[in-house]
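Okay, structure first, notes after.
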Amino acid sequence: MLGFLQNALLYVVPFLLVLTLVVTVHELGHFLVAKWCGVAIDRFSIGFGRAIFSRRDRSGVEWRIGWIPLGGYVMFAGDKNASSVPDEEDLDALRRDIASREGEEAVGRYFHFKPIWQRALVTVAGPVANFLLAIAVFSVLLMSLGQYVTPAQVGAVTPNSAADRAGFKTGDVILRADGHVVEDFGDVAEVAQIRVNLPTEFVVRRGAGELLLTATPAPVMRADAMGTVRRLGTLGFRQAEIEPTHVRYGPIEAVQASVERTGHILSSTVYYLGRMVRGQVAADQLSGPLGIAHISGKLAEASTRGAPDLPTVILSAGIALLQLAATLSVGIGFMNLLPVPVLDGGHLLFYAYEAATRRPLAAKVQAAGYRVGLALVLGLMLFATWNDLQQLRVFKFLGGPFS
């Protein structure tokens with residue numbers, strides 16, 4: 001029993017903290033822009049299900065915490081349609097109902113009767129808030145802690161590896177990889193990860209000159225930093241034993257570096273998913289809630305190892321989980337912009353249609369799109385969870401036909 005409680009504290013609690021932060025900021029993005037646009041709001045909820053805390057403010061918004069801490073939502077006044085884009089018939093009925101209860105002047109406060117540009121702005125505010133959260137977290141960490149940078153110098157080349165065949169030599173310093181400036185050795189590992197099986201150009205400094213080398217990262221099954229066995233790209237050389245340099249950042253430099261880091265995470269995600277859709281890389285890298293919980297727990301465990309006292313443990317774990325939350329926030333922001341009904345990108349697609357045709361999409365089409373979108377999202381979640389179970393070797397632990 002004690003072991004179960006320890007695992008719950010180590011894996012479940014960090015996961016819920018990370019998820020709550022990311023989702024709350026996402027929903028706050030919708031909420032704040034909706035308030036700015038004068039939209040009537042019924043409820044802001046963190047979590048689903050029955051409320052364990054509820055309070056209504058002066059503007060009539062119910063602030064609620066649900067007992068299922070796996071997300072959250074903003075409910076606009078009159079938001080009864082599942083896809084949040086009612087057709088003309090629904091709008092007429094809603095308008096009459098509002099006018100009869102609150103008067104004709106109240107109609108303009110409801111989300112569905114706002115101009116399309118305001119509805120689109122409210123919708124896109126959630127993903128934008130996720131990107132801003134990532135930039136803010138990275139900026140605070142860079143300003144307060146800085147970062148350690150290790151030059152990408154080759155220590156030793158494995159014979160017959162991709163790097164050996166490309167002509168890498170011990171002592172080479174990698175300056176650019178796939179056209180991007182390399183500031184740290186980890187940048188090279190990231191390029192190898194997303195460009196597995198693709199010829200990739202590297203600019204290296206050898207002695208006083210520079211060379212252009214082309215290597216194809218090879219796939220290999222090995223444990224990542226969190227101990228999970230994954231198919232990773234490798235070039236086949238080790239990092240030289242060089243003391244890392246501690247780099248400090250002022251406010252402007254920190255924000256600039258954070259914007260670049262957020263953009264890099266976003267572009268890498270888009271690029272890798274594109275390759276996955278085209279079948280160029282395996283889809284076993286997708287992680288769901290179990291994988292995120294595993295990563296958050298491992299990060300918390302690794303960051304606190306060797307900490308001398310409880311305050312240091314809390315600080316170390318907090319920093320690691322903030323970094324994870326920032327990275328996850330970029331991914332959630334991007335996923336919500338995909339043009340899939342039930343996601344923010346699907347709503348934007350419906351608004352684009354409405355702007356072009358000057359009328360909402362038919363209710364039947366919306367309902368069909370909603371069902372397809374929901375099936376796609378649930379299917380993706382199930383597939384990601386299956387990956388998590390496979391990578392965490394749950395079936396091997398349980399035995400049976402999957403082992």
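- Proximity of F237 to D172: side-chain heavy atoms (C-beta onward) are nowhere separated by under 4.5 Å.
- A 4.5 Å side-chain heavy-atom check between R206 and L213 finds at least one atom pair inside the cut-off.
- Note that the CG atom of L235 and the CD1 atom of I174 stand 7.0 Å from one another [nearest 0.5 Å].
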Might you work through the side-chain contact (heavy atoms from CB on, under 4.5 Å) test for L212 and F202, ending with a clear yes or no? CA-CA 6 Å; L212 179 64; F202 297 87; over 6 Å; no
Using the rule given for ring pair (Phe, Tyr, Trp, His ring centres under 6.0 Å), can you reason through F48 versus Y73, listing the C-alpha separation, both sets of side-chain angles and the distance that settles it, and then say yes or no? CA-CA 8 Å; F48 296 96; Y73 61 92; 5.6 Å; yes
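- Of all heavy-atom pairs between I52 and W67, the closest is CG2-CB, 3.7 Å.
- Residues satisfying the salt bridge (charged side-chain N to carboxylate O under 4.0 Å, His left out) criterion with R109, sequence neighbours excluded, are absent altogether.
- Under the side-chain hydrogen bond (donor to acceptor under 3.5 Å, both in side chains) criterion, T170 pairs with no residue, sequence neighbours left out.
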Full working for side-chain contact (heavy atoms from CB on, under 4.5 Å) between S268 and Q193: CA-CA 10 Å; S268 297; Q193 172 74 28; over 6 Å; no
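- Results of the side-chain contact (heavy atoms from CB on, under 4.5 Å) test with V137 over V140, L133, I135 single out L133 as the only residue that passes.
- In terms of heavy atoms, A177 sits closest to V191 at CB-CG2, 3.9 Å.
- The backbone N or O of N336 sits nowhere less than 3.5 Å from a side-chain atom of H26 that would complete a donor-acceptor pair.
- A donor-acceptor contact under 3.5 angstrom links the side chains of S54 and E62, judged on distance only.
- Put simply, the side chain of V255 does not reach to within 4.5 Å of the side chain of L142, judged on heavy atoms.
- Of the possible polar contacts, one joining the R165 side chain to the N160 backbone as a donor-acceptor pair under 3.5 Å is found.
- You'll find the side chain of K114 reaches within 4.5 Å of the side chain of V39, heavy atoms only.
- T123 contributes atom OG1, which lies 7.0 Å from atom NE2 of H30 (distance to the nearest 0.5 angstrom).
- The structure places CZ of R238 at 13.0 Å from CD of Q153, a figure rounded to the nearest 0.5 Å.
- Between E354 and R119, at least one side-chain nitrogen of the basic residue sits less than 4.0 Å from a carboxylate oxygen of the acidic one, meeting the salt-bridge criterion.
- Side-chain contact check for P244 versus V149: every heavy-atom pair is 4.5 Å or farther apart.
- Residues T216 and T200 fail the side-chain proximity criterion, which asks for heavy atoms closer than 4.5 Å.
- In this structure, R195 contributes its side chain and P199 its backbone to a donor-acceptor pair below 3.5 Å.
- Contact record, D42 with A77: OD2-CA, 3.4 Å, taken as the closest heavy-atom pair.
- E253 CD: more than 12 foreign heavy atoms inside a 6.0 Å radius.
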With side-chain contact (heavy atoms from CB on, under 4.5 Å) as the test, would you mind laying out the steps for I41 and V74 before giving the verdict? CA-CA 8 Å; I41 301 173; V74 177; 3.9 Å; yes
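- Taking every heavy atom of both residues into account, V22 and A325 meet most closely at CG2-O, 3.6 Å.
- Note that CZ of F138 and CD of Q323 are 7.5 Å apart. Values are rounded to the nearest 0.5 Å.
- A distance of 10.0 Å separates CG of L175 from CG of L211, quoted to the nearest 0.5 Å.
- Residues V18 and L328 are in side-chain contact: their nearest non-hydrogen atoms beyond the backbone lie under 4.5 Å apart.
- Of all non-hydrogen atoms in F44 and V61, the two that sit nearest each other are N-CG1, 4.1 Å.
- With no hydrogens or angles considered, no side-chain donor-acceptor pair links H264 and D187 at under 3.5 Å.
- Scanning both residues, A218 and V196, for their nearest heavy atoms gives C-CG2, 3.9 Å.
- Remark: the backbone N or O of T158 is paired with a side-chain donor or acceptor of S161 at under 3.5 angstrom.
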So F185 and I242, side-chain contact (heavy atoms from CB on, under 4.5 Å) or not? Walk me through it. CA-CA 11 Å; F185 193 87; I242 302 175; over 6 Å; no
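- Surrounding CH2 of W36 are at most 12 heavy atoms belonging to other residues, nucleotides or ligands under 6.0 Å away.
- A 4.5 Å side-chain heavy-atom check between L141 and I319 finds at least one atom pair inside the cut-off.
- Distance check: F31 CZ to F76 CZ gives 9.5 Å after rounding to the nearest 0.5 Å.
- Judged as a side chain to side chain donor-acceptor pair (under 3.5 Å), the pairs with a partner in residues 131-150 (not counting sequence neighbours) are, in order, S139-S258, Q147-Y249, Q147-R261.
- In R101, the CZ atom is crowded: over 12 heavy atoms of neighbouring residues, nucleotides or ligands sit closer than 6.0 Å.
- Put simply, the residue from L266, N130, T269 that forms a side-chain contact (heavy atoms from CB on, under 4.5 Å) with V330 is L266.
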